[in-house]
Amino acid sequence: MRIDAISIFADYFQALDLSLLGKAQASGILDFKAHDLRDYTHDKHKTVDDTPYGGGAGMLMKPEPWGEAFDDILSDDLNQTDDRPVIIFTSPAGEVFKQATAHELAQRKHLVFACGRYEGIDQRVVEYAATKGEVRLISIGDYVLNGGEVAAIAMIEAIARLVPGVIGNAESLIEESHSDGLLEYPSYTKPSVWRGLEVPPVLLSGNHAAIAKWRHDQQVERTRQVRPDLLDE
């Protein structure tokens with residue numbers, strides 16, 4: 001899988017060089033690159049923003065640097081494939097990112113994350129991007145961040161870990177929270193008694209059917225208490 005990210009703070013993405021995603025890049029499973037939007041400007045101040053037409057608070061990101069960035073990253077040879085690149089604009093006005101979204105995007109070959117700043121990006125950038133690939137506006141929650149980098153990193157990690165070979169034990173993905181619409185059950189390890197707190201006896205019983213039932217019941221109860229909205233979906 002190829003993943004590109006465009007930002008005026010490309011150093012944000014150095015976190016993706018660590019841990020399992022860093023190993024996946026080193027082994028060639030993932031091909032990730034962060035691009036500095038200012039590299040696509042041509043004035044001495046490397047200007048990427050300007051005042052909005054119609055007035056209003058704040059500044060908007062200019063279309064020219066974005067257009068050149070997309071032209072560079074989404075070259076014609078990439079668009080000859082049946083699987084068009086997916087261009088993701090991190091936006092609080094977008095669809096909410098869920099585990100199902102991560103699974104869907106993990107099947108694609110090329111993702112490009114466009115990380116806005118200030119009051120957002122000129123709408124024409126979104127329209128132009130649609131001529132280069134499949135555009136998605138995606139939010140990680142009902143709140144506003146200073147920029148799209150944190151949201152992009154969260155989505156990249158959630159997506160990339162589903163790519164075959166990134167997680168060593170693929171079975172560990174099966175019982176995670178949201179994999180079946182429920183939150184994950186509580187887990188325990190040795191010792192069986194710690195500071196007076198005991199591991200539930202059923203987990204020590206060796207009865208796999210009873211353990212499976214207990215875990216499912218715990219999933220349902222935890223979901224009911226913490227995220228009852230998931231039970232209504």
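These numbers were taken from a predicted model, which means no experiment stands behind them.
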Could you go through D36 and R38, starting from their C-alpha distance and side-chain angles, then the distance that decides it, and tell me whether this counts as salt bridge (Lys or Arg N to Asp or Glu O under 4.0 Å)? CA-CA 5 Å; D36 188 340; R38 296 190 190 277; 5.1 Å; no

Report the C-alpha separation of R2 and F32 in whole Å, then their side-chain angles, then the decisive distance to 0.1 Å, and conclude whether the side chain to side chain contact (heavy atoms under 4.5 Å, CB included) test is met. CA-CA 6 Å; R2 175 179 172 182; F32 174 77; over 6 Å; no

Apply the test side chain to side chain donor-acceptor pair (under 3.5 Å) to residues H110 and D83: give CA-CA distance (whole Å), side-chain angles for both, the deciding distance (0.1 Å), then the verdict. CA-CA 8 Å; H110 186 194; D83 189 4; over 6 Å; no

Please walk me through it: do I121 and V126 pass side chain to side chain contact (heavy atoms under 4.5 Å, CB included)? CA-CA 8 Å; I121 304 173; V126 178; 5.7 Å; no

Checking side chain to side chain contact (heavy atoms under 4.5 Å, CB included) for the pair K33/I3: CA distance, chi angles, key distance, verdict? CA-CA 7 Å; K33 184 174 182 180; I3 303 176; over 6 Å; no

Test side chain to side chain contact (heavy atoms under 4.5 Å, CB included) applied to L37 and S7, step by step: CA-CA 5 Å; L37 184 66; S7 164; over 6 Å; no

Evaluate D122 against Y53 for side chain to side chain donor-acceptor pair (under 3.5 Å), listing each step before the verdict. CA-CA 10 Å; D122 187 304; Y53 281 121; over 6 Å; no

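The shortest non-hydrogen separation linking A102 to A158 is CB-O, 3.9 Å. Minimum heavy-atom separation, V112 to F70: CG1-CE2, 4.3 Å. In plain terms, the two heavy atoms of M1 and I159 that are nearest each other are CE-CG2, 4.2 Å. Closest approach of A152 to C115, counting heavy atoms only: CB-SG, 3.7 Å. When all heavy atoms of A160 and L21 are compared, the pair lying nearest together is CB-CD2, 3.7 Å. Here the shortest heavy-atom pairing between Q25 and L16 reads NE2-O, 2.8 Å.
Side-chain contact between P200 and W214: present, with at least one pair of heavy atoms (C-beta onward) separated by less than 4.5 Å. With contacts defined as side-chain heavy-atom distances shorter than 4.5 Å, the pair E95/L137 does not qualify. Considering only heavy atoms from C-beta on, D71 comes within 4.5 Å of Y128 through its side chain. Under the 4.5 Å side-chain criterion, counting only non-hydrogen atoms from C-beta, P85 is not in contact with L111. The closest side-chain heavy-atom distance from Q99 to L162 is below 4.5 Å. The shortest side-chain heavy-atom distance between L182 and H216 falls under the 4.5 Å cut-off. Looking only at side-chain heavy atoms (C-beta outward), Y12 and V150 come within less than 4.5 Å of each other. A heavy-atom distance below 4.5 Å is found between the side chains of L105 and I88.
With S205 contributing its side chain and N207 its backbone, the two residues share a donor-acceptor pair below 3.5 Å. Without hydrogens or angle criteria, T41 side chain to D43 main chain gives no donor-acceptor distance under 3.5 Å. A donor-acceptor pair is defined here as one N or O able to donate and one able to accept, closer than 3.5 Å; such a pair exists between the side chain of S139 and the backbone of G141. Looking only at distances, a side-chain donor or acceptor of R222 sits under 3.5 Å from a matching main-chain atom of E184. The closest donor-acceptor contact from the side chain of Q219 to the backbone of L183 lies under 3.5 Å.
Transitive grouping of hydrophobic side chains (ILVMFWY, heavy atoms separated by less than 4.5 Å) brings F97 and Y143 into a common cluster. Using a 4.5 Å cut-off between side-chain heavy atoms of Ile, Leu, Val, Met, Phe, Trp and Tyr, with links allowed through other members, Y118 and V144 fall into different hydrophobic clusters. Under the 4.5 Å side-chain heavy-atom criterion for grouping Ile, Leu, Val, Met, Phe, Trp and Tyr, Y188 is connected to V202 within one hydrophobic cluster. Under a hydrophobic clustering in which Ile, Leu, Val, Met, Phe, Trp and Tyr are joined whenever their side-chain heavy atoms come within less than 4.5 Å, directly or via other members, V199 and Y185 fall into different clusters.
S91 contributes atom OG, which lies 10.0 Å from atom CD1 of I138 (distance to the nearest 0.5 angstrom). Residue D72 holds its CG atom at 9.5 Å from CG of D39, rounded to the nearest 0.5 Å. Atom CZ of F13 is separated from atom NE2 of H35 by 10.0 Å, given to the nearest 0.5 angstrom.
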When the side chains of residues 59-69 are checked against the rest of the protein, which donor-acceptor pairs come out under 3.5 Å, sequence neighbours left out?
unit_1 : atom_1 : unit_2 : atom_2 : d
E68    : OE1    : H42    : NE2    : 3.0
E68    : OE2    : H42    : NE2    : 2.9

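Salt bridge absent: K98 and E104 never bring a charged side-chain N and a carboxylate O closer than 4.0 Å. Salt-bridge check for E221 with R224: passed, with a basic side-chain N closer than 4.0 Å to an acidic carboxylate O. With respect to the salt-bridge test (charged N to carboxylate O, under 4.0 angstrom), the residues D217 and R215 do not qualify. Under a 4.0 Å N-O distance rule, the pair R117/D49 does not qualify as a salt bridge.
Every residue meeting the side-chain contact (heavy atoms from CB on, under 4.5 Å) condition with I29, not counting sequence neighbours, appears here in chain and number order: A24, S27, V163, V166.
Under a cut-off of 6.0 angstrom, the local environment of CD in E157 is sparse, with at most 12 non-hydrogen atoms contributed by other residues, nucleotides or ligands.
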